[in-house]
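See below for the structure under consideration.
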Amino acid sequence: MVALERRRLPAVLAVAVCVPCWLYSLRAASVMHHGDGVLALFVMWAVMMAGMMIPPELPNVLQVARGTRDAALFLSGSLAPWVLFSFCAATLQWRLTAAGLLDHEMALMHPMAAALLLGVAGVLQLSPLKRACLLRCRNLPEAAGSAALISGVRAGLVSVGSCGVLMLVLFVSGVMSLPAMILLTLLLVLERLLPLRLRVSDAAGVLLFACAA
């Protein structure tokens with residue numbers, strides 16, 4: 001019973017953070033537009049990244065955390081690199097908008113640029129780096145206190161290295177495309193949960209190449 005409680009409370013915490021992030025994203029999808037300032041774009045990206053990254057990180061939360069406090073520290077640490085990524089993505093979006101390269105759905109207007117981005121994401125999915133990152137994400141030791149925070153930061157850095165370019169595919173679908181957000185989140189969850197031999201990442205890479213073509 002005690003072991004069950006130890007796992008249940010961190011899971012509840014993760015869901016309690018994730019659900020408002022998705023609700024915000026649902027609302028932002030209907031009210032945000034390409035003319036918003038960089039600060040509004042940063043908030044949008046940060047909340048969206050939190051909502052998309054918490055579900056695949058949940059197994060790590062349950063594996064690493066010894067309780068609710070450790071889970072909160074791990075989650076905070078794992079999301080910190082994504083906050084920095086969000087600032088970079090928001091700045092990129094703001095500059096692309098100013099240059100007239102994004103349409104009203106916040107998607108790249110030039111087909112060649114979109115194809116190049118999809119191709120780069122496909123290469124990363126098929127690379128040894130992706131597999132190494134997935135292996136690293138699946139083998140985190142249990143930690144408490146500051147160690148949980150540090151473990152979270154390391155996991156977040158590995159996650160950005162593994163999935164950062166994949167998240168930029170939103171510039172192809174439209175930054176606030178809910179179907180794309182759901183599909184990317186589902187892909188990340190499957191990559192973490194399914195056995196590596198099923199090669200979900202490779203299948204996604206091939207699909208990205210097909211879309212690029």
Side-chain angles (χ1 to χ4, degrees), residues 18 21-22 24-57 76-127 129-130 133 152-188 191 201 204-205 207-213:
C18 185
C21 291
W22 275 96
Y24 171 87
S25 298
L26 286 170
R27 181 177 181 276
S30 61
V31 300
M32 296 288 291
H33 55 84
H34 65 282
D36 288 313
V38 67
L39 179 59
L41 295 175
F42 167 63
V43 172
M44 177 193 75
W45 272 96
V47 175
M48 181 171 61
M49 290 299 98
M52 295 176 68
M53 292 311 303
I54 289 177
E57 285 293 347
S76 299
S78 66
L79 293 177
W82 283 105
V83 172
L84 179 59
F85 171 87
S86 298
F87 176 77
C88 296
T91 302
L92 175 62
Q93 180 178 344
W94 181 64
R95 290 186 177 277
L96 289 174
T97 300
L101 298 177
L102 298 182
D103 62 19
H104 66 284
E105 294 182 349
M106 296 180 278
L108 287 168
M109 297 177 64
H110 200 294
M112 290 302 295
L116 178 61
L117 179 55
L118 289 169
V120 172
V123 168
L124 181 61
Q125 287 295 112
L126 296 168
S127 69
L129 173 63
K130 179 72 176 189
C133 289
V153 171
R154 290 174 176 171
L157 290 172
V158 172
S159 183
V160 170
S162 173
C163 309
V165 175
L166 190 62
M167 290 301 179
L168 295 181
V169 170
L170 290 169
F171 280 114
V172 178
S173 63
V175 171
M176 293 306 296
S177 169
L178 290 176
M181 291 168 58
I182 293 172
L183 286 174
L184 285 173
T185 303
L186 179 60
L187 170 61
L188 297 180
E191 286 182 342
S201 299
L207 179 60
L208 287 168
F209 275 123
C211 292

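Residue numbers run from 1 in the order of the sequence given. The analysis underlying the following values was restricted to heavy atoms, covering all of them including side chains, and did not include hydrogens, waters or symmetry mates.
By the 4.5 Å heavy-atom criterion applied to side chains, Pro179 and Ile182 are not counted as neighbours. No side-chain heavy atom of Met106 sits under 4.5 Å from any side-chain heavy atom of Phe171. Using a 4.5 Å heavy-atom cutoff, the side chains of Cys133 and Leu129 are in contact. Using a 4.5 Å heavy-atom cutoff, the side chains of Leu166 and Leu188 are in contact. Between Ser159 and Phe85, the closest side-chain pair of non-hydrogen atoms is not below 4.5 Å.
Between the SG atom in Cys163 and the CG atom in Leu168 there is a gap of 11.5 Å [rounded to 0.5 Å]. The distance from the CG atom of Asp103 to the CG atom of Leu108 is 8.5 Å, given to the nearest 0.5 Å. Here CE of Met181 is found 7.0 Å from CG of Leu26. Values are rounded to the nearest 0.5 Å.
Between Val172 and Leu117 the shortest heavy-atom distance is CG2-CD2, 3.9 Å. For the residue pair Ala180 and Ser173, the shortest heavy atom distance occurs at CB-OG, 3.2 Å. Taking each heavy atom of Leu208 and Gly122 in turn, the nearest pair found is CD1-N, 3.7 Å.
Atom CZ of Phe87 is surrounded by 12 or fewer heavy atoms from other residues, nucleotides or ligands within 6.0 Å. By the neighbour-count criterion of 12 heavy atoms within 6.0 Å, atom CH2 of Trp22 is densely surrounded, having more than that number from other residues, nucleotides or ligands.
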For residues 38-57, tabulate all N or O donor-acceptor pairs below 3.5 Å that involve a side-chain atom, not counting sequence neighbours.
residue, atom, partner, partner atom, Å
Trp45, NE1, Gln93, OE1, 2.8
Glu57, OE1, Asn60, ND2, 3.0
Glu57, OE2, Arg192, NH2, 3.4

Problem - Residues Gln125, Glu191; criterion side chain to side chain contact (heavy atoms under 4.5 Å, CB included); working and verdict - result: CA-CA 11 Å; Gln125 287 295 112; Glu191 286 182 342; 2.9 Å; yes
Problem - Ser162 and Lys130: CA distance, side-chain angles, deciding distance, side-chain hydrogen bond (donor to acceptor under 3.5 Å, both in side chains) verdict - result: CA-CA 5 Å; Ser162 173; Lys130 179 72 176 189; 3.1 Å; yes
